[in-house]
K.L.:
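One structure coming up, written as structure tokens, with questions to follow.
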Amino acid sequence: MPDTDNESDAARLGGRVYLQEVAMRDGLQAEAAFVPTDAKVAFIDRLSRTGLAKIEATSFTSPKAIPMLADADEVMRRIERVPGVDYAVLVANVRGVERALASPPDEFNLVLSCSETHNLTNLRMTRAQSVAQLLAVMRVADGARVPVNVSLSCTFGCPMEGDVPEDVVLDYAARFIDAGAHGISLCDTTGMAFPAQVTALCLQYRARFPHARLTLHGHNTRGIGLANVMAALAAGVDRFDASLGGLGGCPYAPGATGNVCTEDLAHLLALQGYATGVDLDRLLACARALRELVGHEVPGQVAKAGRRLDLHPVPDWFDEVRTRALKREVDAAGASR
């Protein structure tokens, strides 16, 4: 495992920031139409060549619960594993881990909500029941030598309970780190986070767990997802989940517009001088192909507007307008003599 302290220092100085793509799991699971397996595999293989640090490829959960990802086994068997890219999968229980181990991922992602109400509505379990189940999953994963990341949902607020106390979030993080989790994701599941709050919680996390990997998983429900990323960077965070095209969104977040958009984030980080390892041209090509994959428009902006310095040809009538303007300037100068 890399030295996370050094990574974070580098991030503060404009160094490497790790972008982790979640559209193929977090995005597709919310789609109304099933994306064919062949198309998923081809798209993941294409994303693998953009320089992303991690791709969450699918979810080994009940096909009845998430029918859009019912082909998880085949997807993981068929994708090409490109060196330098970690391929993660979400699992909910021991059965999911055992299924996934047939084509082992590089990481298991587990989910617990820090809000009791959200955990019950989303996972149909109390937090205590979820913790017991996830600790059992971690023991199986440890035996298989597959690292585990735990995503803590609603760390910045719950739409049914309001603010979630920071101590609750940090105590759950401690529980899983002590049990062997190699990383924690602080998730703004319903898009309630704001920059000062993000900075404060991330600083507390890093002070309490200086050697544990930290990821910010942001949503753009209220249009400040990128601002929250910048706030997390200021607190030393250097790993960010994002979703191509801004796909995704929590069903319990009224008006949800999706996750922080990968290509928009990569563009912003490049402008700010951060190295992500991402080939933005290739990433934008993937983003522009996403509409065809899912069959509808997506929220991402840079794929539509182009990069900041993507220049456009002047209008056909420009030369004529310039000639007339210059003539008026010459005439005015002559009249003033």
Side-chain angles (χ1 to χ4, degrees), residues 19-20 22-23 25-27 29-30 56 90 109-127 130-131 149-176 183-206 208-209 214-237 239-243 245-262 264-265 268 298-301:
L19 297 188
Q20 304 175 164
V22 301
R25 194 279 300 175
D26 201 350
Q29 73 176 17
E56 191 174 39
L90 185 141
N109 187 28
L110 316 183
V111 177
L112 168 83
S113 181
C114 292
S115 156
E116 182 79 352
T117 306
H118 185 266
N119 205 69
L120 281 163
T121 54
N122 190 42
L123 300 175
R124 305 297 190 265
M125 288 184 285
T126 66
R127 289 175 297 180
S130 282
V131 168
N149 181 81
V150 178
S151 291
L152 297 178
S153 300
C154 290
T155 54
F156 299 98
C158 167
M160 293 161 283
E161 292 185 10
D163 284 328
V164 174
E166 293 175 342
D167 287 346
V168 170
V169 175
L170 296 173
D171 287 348
Y172 277 118
R175 184 81 181 267
F176 291 112
I184 298 289
S185 296
L186 298 179
C187 302
D188 181 26
T189 313
T190 59
M192 295 173 69
F194 59 93
Q197 179 193 31
V198 170
T199 299
L201 182 57
C202 291
L203 285 172
Q204 287 193 54
Y205 178 98
R206 292 204 55 78
R208 186 165 171 180
F209 314 109
L214 173 60
T215 296
L216 181 72
H217 177 101
H219 285 230
N220 200 40
T221 307
R222 290 168 177 83
I224 52 177
L226 292 179
N228 288 333
V229 168
M230 299 308 294
L233 282 164
V237 179
R239 293 180 180 273
F240 297 92
D241 285 348
S243 181
L247 283 185
C250 176
Y252 304 107
T257 55
N259 294 45
V260 168
C261 175
T262 310
D264 291 358
L265 176 55
L268 173 62
V298 295
Q301 297 298 308

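Residue numbers run from 1 in the order of the sequence given. Since the model is a prediction, treat every value here as computed from it, not as a measurement.
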K.L.:
Quick one: side-chain hydrogen bond (donor to acceptor under 3.5 Å, both in side chains) partners of Glu161, sequence neighbours excluded?
P.N.:
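For Glu161, the residues satisfying side-chain hydrogen bond (donor to acceptor under 3.5 Å, both in side chains) (neighbours in sequence not counted) are Ser115, Thr117.
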K.L.:
Are side-chain heavy atoms of Arg127 and Leu112 found at a separation under 4.5 Å?
P.N.:
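Yes, their side chains come closer than 4.5 Å.
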K.L.:
Shortest non-hydrogen contact from Asp163 to Phe156?
P.N.:
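Closest approach of Asp163 to Phe156, heavy atoms only: OD1-O, 4.3 Å.
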K.L.:
Below 4.5 Å, heavy atoms only, C-beta onward: do Met230 and Leu268 meet side chain to side chain?
P.N.:
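Side-chain contact under 4.5 Å: yes.
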K.L.:
Answer with yes or no whether the side chains of Asp241 and Gln20 bring together a donor and an acceptor at under 3.5 Å.
P.N.:
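Yes.
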K.L.:
Minimum heavy-atom separation for Ala200 to Glu166, with atom names?
P.N.:
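Scanning both residues, the minimum pair turns out to be CB-OE2, 4.1 Å.
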K.L.:
Between Arg206 and Leu214, is there a side-chain heavy-atom distance shorter than 4.5 Å?
P.N.:
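They are in contact (side-chain heavy atoms under 4.5 Å apart), so the answer is yes.
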K.L.:
Considering only heavy atoms from C-beta outward, does the side chain of Val131 approach that of Arg175 to under 4.5 Å?
P.N.:
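Yes, at least one pair of side-chain atoms sits under 4.5 Å.
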K.L.:
Return yes if a side-chain donor-acceptor contact under 3.5 Å exists between Asp26 and Asn259, otherwise no.
P.N.:
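Yes, a side-chain donor-acceptor pair sits under 3.5 Å.
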K.L.:
Find out whether Gln301 and Cys261 are in side-chain contact, i.e. whether some heavy atom of one side chain is under 4.5 Å from a heavy atom of the other.
P.N.:
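They are not in side-chain contact.
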K.L.:
Show, in sequence, the C-alpha distance, side-chain angles and deciding distance for Val237 and Cys202, and conclude whether the side chain to side chain contact (heavy atoms under 4.5 Å, CB included) test is met.
P.N.:
CA-CA 7 Å; Val237 179; Cys202 291; 3.7 Å; yes
K.L.:
I want to check something: taking the side chain as every heavy atom from C-beta on, are Thr215 and Phe240 in contact at a cut-off of under 4.5 Å?
P.N.:
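Contact flag for Thr215/Phe240 side chains = no.
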K.L.:
Gln204 and Arg208: side-chain donor and acceptor closer than 3.5 Å?
P.N.:
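On atom types as modelled, these side chains do not qualify, holding no pair under 3.5 Å.
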K.L.:
Specify the closest pair of heavy atoms between Cys154 and Cys114, including all atoms of both residues, with the distance to one decimal.
P.N.:
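Closest approach of Cys154 to Cys114: O-CB, 4.4 Å.
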K.L.:
Please evaluate residues Arg222 and Asp188 with respect to the criterion salt bridge (charged side-chain N to carboxylate O under 4.0 Å, His left out), reporting the C-alpha separation (whole Å), side-chain torsions for both, the decisive distance (0.1 Å), and the verdict.
P.N.:
CA-CA 11 Å; Arg222 290 168 177 83; Asp188 181 26; over 6 Å; no
K.L.:
Indicate yes or no: at least one non-hydrogen side-chain atom of Leu152 is less than 4.5 angstrom from one of Cys187.
P.N.:
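No, their side chains stay 4.5 Å or more apart.
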K.L.:
Run the side-chain hydrogen bond (donor to acceptor under 3.5 Å, both in side chains) test against Asn149 and tell me which residues pass, sequence neighbours left out.
P.N.:
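Residues passing side-chain hydrogen bond (donor to acceptor under 3.5 Å, both in side chains) with Asn149: Asn109, Ser185.
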K.L.:
Quick one: list whatever passes ring-ring contact (aromatic ring centres under 6.0 Å, His included) with Tyr205, sequence neighbours left out.
P.N.:
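Only Phe209 meet the ring-ring contact (aromatic ring centres under 6.0 Å, His included) criterion with Tyr205.
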K.L.:
Looking just at side-chain N and O atoms, do Asn119 and Ser130 make a donor-acceptor pair shorter than 3.5 Å?
P.N.:
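Per modelled atom types, Asn119 and Ser130 side chains form a pair under 3.5 Å.
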